[in-house]
Amino acid sequence: MVTIVNVVGSGDLGVELELQTLGDDLDVPFTEYNPSNYHGLYVRLVEDGPLITVYRSGKYIISGCSSFQEVETTNEGFLTQIASLGIYNSSPDLGVTVQNVVCTEQLSSAIDLNTLSIGLGLETVEYEPEQFPGLVYRPPEIGAVILVFANGKVVITGASDVTIAEDAFAQLQSRIQSLIEN
DNA sequence: TTAACGTTTTCTTATATAGCCTGATACA
DNA sequence: TGTATCAGGCTATATAAGAAAACGTTAA
């Protein structure tokens, strides 16, 4: 069972926003709008909680969530804040779409990455230890990327659902098992 | 050669991971 | 002053968003 460490989602309010005014009006513990640094408005509903990046177009990104439920509750909290300012009329269609899930896992033992890179096939692997200590594996036909480290720790990213991340890890384990057997 | 326009890249955020490098601090 | 230790930043990965910069191409 993979452990979710970060979920990124996006949504759209469907209205143009004045970000400076919005940042001033929101009743939340943290907002930051510094267009000379970045053109998005940063919002946190909870101190050190998930970050919401809001754009002038009304589109927004939620990042830093540790579960799908947290993405939903953060989105609902944000929409409630927006609705209280009269910026839009609350609509059940205003949902959030999960775009990326980052998970961690642990292989049963440490692994030699040079051997693994050869066994998995160079067309699906990138491994340049002098540049980055992890091996990058792209499982065929699975929408996720896996980082494998020599101590057996694994990071799965790019998946839009946790089941995709689990499938990707399962495929990695299967490939490693078949390499051991052969 | 220069201007104008179109396309591409970079930036920012969150998060795990590990190795390397640099700078700061502490102690002999 | 020299050495040791520690902290922090950078490297890579994915993803959304859109402004701005950096390109490349075309025409005058």
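Everything numeric here is computed off the predicted structure, so don't read it as measured data. Below, read A as the first sequence line, B as the second, and so on, with proteins coming before strands; counting in each chain starts at 1.
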Legend entry - Protein-nucleotide distance (A:Leu135, atom CG; B:dA18, atom P), rounded to Å: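 So the CG-P distance, A:Leu135 to B:dA18, works out to 14 Å.
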
Inset, instruction - Examine distances only and state if a side-chain atom of A:Gln173 and a backbone atom of A:Ala168 form a donor-acceptor pair shorter than 3.5 Å. - result: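 Judged by distance alone, no pair lies under 3.5 Å.
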
Inset, instruction - Tell me yes or no: between the side chains of A:Tyr60 and A:Asn75, is some donor less than 3.5 Å from an acceptor? - result: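 Yes, A:Asn75 and A:Tyr60 have a side-chain donor paired with an acceptor closer than 3.5 Å.
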
Legend entry - Of the listed nucleotides C:dT13, B:dT12, B:dT17, the one nearest the side chain of A:Asn151: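 The listed nucleotide nearest to A:Asn151's side chain is B:dT17.
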
Legend entry - Any side-chain donor near an acceptor of the partner, A:Tyr55 and A:Glu16, under 3.5 Å: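 No, no side-chain donor-acceptor contact under 3.5 Å.
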
Inset, instruction - Write down the distance between CD (A:Gln106) and C1' (B:dT17), rounded to a whole number of angstrom. - result: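 Spelled out: CD on A:Gln106 to C1' on B:dT17 is 11 Å.
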
Legend entry - Closest nucleotide among C:dT13, B:dA14, B:dT15 to the A:Val5 side chain: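 My answer, after comparing the listed nucleotides, is B:dT15.
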
Legend entry - Euclidean distance, atom CD of residue A:Gln131 to atom P of C:dG9 [Å, nearest integer]: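 Rounded to the whole Å, the gap is 21 Å.
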
Legend entry - Length of the CG-P vector between A:Leu41 and C:dA16, whole Å: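 Distance, rounded to whole Å: 21 Å.
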
Legend entry - Nearest-neighbour nucleotide for the A:Ser63 side chain, C:dT15, B:dT13, C:dA17 considered: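 Given the options C:dT15, B:dT13, C:dA17, the side chain of A:Ser63 is closest to B:dT13.
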
Legend entry - Base C:dA14 to side chain A:Thr157, donor-acceptor N/O within 3.5 Å cut-off: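 In this structure, the two groups form a donor-acceptor pair.
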
Inset, instruction - Evaluate whether the aromatic ring of A:Phe132 and the six-membered ring of the C:dA12 base sit under 5.5 Å apart, centre to centre, with an inclination under 30°. - result: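 Yes, A:Phe132 stacks on the base of C:dA12.
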
Inset, instruction - With DNA chain B as reference, determine whether A:Asp48 or A:Tyr42 sits nearer its 5' end, using the nearest nucleotide of each. - result: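 Counting from the 5' end, the first nearest nucleotide belongs to A:Tyr42.
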
Inset, instruction - Give a yes-or-no answer on whether the side chains of A:Thr74 and A:Glu70 include a donor-acceptor pair shorter than 3.5 Å. - result: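 Result is no, nothing qualifies.
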
Inset, instruction - To the nearest Å, give me how far apart CG (A:Leu51) and C1' (C:dT15) are. - result: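 One finds 14 Å between C1' of C:dT15 and CG of A:Leu51, rounded.
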
Inset, instruction - Tell me what A:Glu128 touches on the nucleic acid: a base, only sugar-phosphate, or nothing, going by heavy atoms under 4.0 Å. - result: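 Nothing, no heavy atom under 4.0 Å.
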
Inset, instruction - Looking at every strand, decide which applies to A:Val145 at a 4.0 Å heavy-atom threshold: base, sugar-phosphate, or nothing. - result: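 Sugar-phosphate contact only.
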
Legend entry - Between B:dG19 (P) and A:Phe149 (CZ): distance, integer Å: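 Nearest whole value for this atom pair: 9 Å.
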
Legend entry - Of the listed nucleotides B:dG19, B:dT17, C:dA14, the one nearest the side chain of A:Pro133: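 Nearest to the side chain of A:Pro133 among the choices is B:dG19.
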
Inset, instruction - Indicate, with a heavy-atom threshold strictly under 4.0 Å, whether A:Thr53 touches base, sugar-phosphate, or nothing. - result: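 Nothing, no nucleic acid heavy atom in range.
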
Legend entry - Closest to the A:Tyr55 side chain, choosing from B:dT12, B:dA18, C:dA16: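 Out of B:dT12, B:dA18, C:dA16, the nucleotide with an atom closest to A:Tyr55's side chain is B:dT12.
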
Legend entry - A:Pro129 or A:Ile61, whichever maps to the more 5' nucleotide of DNA chain B: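 That would be A:Ile61.
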
Inset, instruction - Could you check whether A:Thr3 gets within reach of a base, just the sugar-phosphate, or nothing at all, counting any heavy atom under 4.0 Å? - result: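 Touches nothing.
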
Inset, instruction - Starting at atom CZ of A:Phe30, determine the distance to atom C1' of B:dA14, rounded to an integer number of angstrom. - result: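 Distance check: A:Phe30 CZ to B:dA14 C1' gives 13 Å.
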
Inset, instruction - Figure out the CG/P separation between A:Asn37 and C:dA20, and round it to whole Å. - result: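 Rounding to the nearest Å, CG of A:Asn37 and P of C:dA20 are 13 Å apart.
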
Inset, instruction - Would you mind reporting whether A:Arg138 and A:Glu123 have side-chain heavy atoms less than 4.5 Å apart? - result: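 No, every pair of side-chain atoms sits at 4.5 Å or beyond.
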
